[in-house]
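The structure appears below as structure tokens.
In each ligand, atom 1 is the first atom listed, and ligand 1 is the first ligand listed.
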Amino acid sequence: MRIVLVGPPGAGKGTQAAFLAKNLSIPHISTGDLFRANISQGTELGKQAKAFMDAGNLVPDEVTIGMAKDRMEQPDAVNGFLLDGFPRNVSQAEALDVALKADEVKLDAVLDLEVPEDEVVKRIAGRRICRKDSAHVFHVSYNQPKQEGVCDVCGGELYQREDDSEDTVRKRLEVYHTQTEPIIDYYRAQGLVRTISALGKVDEVTARAMDALKRDK
Ligand code: AMP
């Protein structure tokens, strides 16, 4: 299956993507994770992306589209993938369509995670992420690790993303509304969108998502 996951920051895209990708045996491709890996490795691409990310803005398409396409061309993605955080504007969605068409393949679904805005801000402000695996996500109030600052799953260090500060979150939300939300209409016109609520426990949302993906439309 080829799936795109859409939703505002804090909707739980990373967490859900990890479970869904495992259930469906497809790779989880997160452009945010690819950028963060480049930043921590000090690559040129990471240097180009960092200032945009810190400000809560999108990294320019010239950088992002090439990076996403390179990852999708890896052998593990030949039979499908779950895209998390890409595309994030209509021109990226168009570039993805062109790339898929060249490979004579199509998207199967666009899963749209819905969550109220005040919930998003609460979720992100308290979010703590494992340095070893970004799918291991905790929250200072809603999902506390057994030991403060330590990942329950693998013992990695928990940290707060630099772009999870309140000001940057507000900017990221504005960017989501103005630039990313229009892709939902773009994909609705192709009959691909399945919208689900992202509220509730992680496994409840995963079950809802799996049901929505099994539905025809
Ligand atoms: P995420 O981990 O998906 O929340 O992404 C973190 C940040 O990485 C975003 O706020 C953007 O600055 C950047 N980013 C991730 N994916 C994209 C994309 N498809 N296009 C442009 N910038 C992106």
Side-chain angles (χ1 to χ4, degrees), residues 2-18 20-21 27-41 43 45-72 77 81-100 107 110-113 115 117 120-121 123-139 158-184 186-187 198:
R2 292 179 181 81
I3 303 167
V4 168
L5 202 55
V6 195
K13 290 192 298 297
T15 306
Q16 288 305 327
L20 293 171
H28 166 202
I29 300 181
S30 155
T31 40
D33 282 352
L34 292 172
F35 283 132
R36 282 183 287 278
N38 274 278
I39 291 173
S40 64
Q41 288 156 18
T43 68
L45 192 147
K47 283 178 199 150
Q48 287 174 0
K50 188 170 186 328
F52 295 99
M53 292 174 73
D54 287 349
N57 284 315
L58 295 187
V59 178
D61 288 350
E62 303 83 78
V63 179
T64 307
I65 292 171
M67 177 186 76
K69 283 209 292 200
D70 282 351
R71 177 62 189 88
M72 281 185 271
F81 46 70
L82 194 156
L83 294 178
D84 158 16
F86 182 88
R88 234 173 170 110
N89 59 28
V90 171
S91 63
Q92 292 181 9
E94 288 168 347
L96 176 61
D97 273 350
V98 170
L100 293 175
L107 287 178
V110 173
L111 191 65
D112 167 32
L113 298 185
V115 57
E117 191 132 331
V120 160
V121 177
R123 282 188 186 190
I124 295 196
R127 176 159 82 170
R128 298 293 181 270
I129 295 169
C130 175
R131 277 206 196 277
K132 286 194 189 160
D133 186 338
S134 64
H136 304 159
V137 182
F138 297 83
H139 189 281
L158 298 182
Y159 77 109
Q160 182 171 32
R161 269 172 49 173
E162 273 182 48
D163 59 351
D164 274 355
S165 68
E166 191 163 337
D167 280 353
T168 313
V169 169
R170 296 214 180 272
K171 176 70 192 168
R172 285 163 62 204
L173 274 168
E174 181 199 316
V175 168
Y176 178 74
H177 291 313
T178 56
Q179 301 192 50
T180 307
E181 255 176 359
I183 73 172
I184 299 176
Y186 175 90
Y187 285 128

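With ligand atoms numbered from 1 in the order given, ligand 1 contributes 2 (O), 6 (C) to contacts under 4.0 Å with heavy atoms of Arg36. For ligand 1, the atoms lying closer than 4.0 Å to a non-hydrogen atom of Gly85 are 16 (N), 17 (C), 18 (C), 19 (N). Set against the non-hydrogen atoms of Thr64, the atoms of ligand 1 under 4.0 Å away are 18 (C), 19 (N), 20 (N), 21 (C).
Side-chain N or O atoms of Arg123 include one that pairs as donor or acceptor with a backbone N or O of Ala11 at under 3.5 Å. At least one donor-acceptor pair closer than 3.5 Å links the side chain of Lys13 to the backbone N or O of Gly7.
Counting heavy atoms under 4.0 Å from ligand 1, residue Asn57 touches it through the backbone alone. Contact annotation: for Arg161 versus ligand 1, heavy atoms closer than 4.0 Å belong to the side chain alone.
If you check which protein heavy atom lies closest to atom 20 (N) of ligand 1, you get Gln92 NE2, 3.0 Å.
At most 12 non-hydrogen atoms from other residues, nucleotides or ligands lie less than 6.0 angstrom from CG of Asp167.
At a threshold of 4.5 Å between non-hydrogen side-chain atoms, the residues Arg36 and Met53 count as touching.
Rounded to the nearest 0.5 angstrom, Gln92 CD and Thr31 OG1 are separated by 7.0 Å.
Remark: among candidates Lys13, Met67, Arg172, Arg88, the nearest residue to atom 3 (O) of ligand 1 is Arg88, based on non-hydrogen atoms.
At a threshold of 4.0 Å, the pair Arg172-Asp164 counts as salt-bridged, since one of the basic side-chain nitrogens sits closer than that to a carboxylate oxygen.
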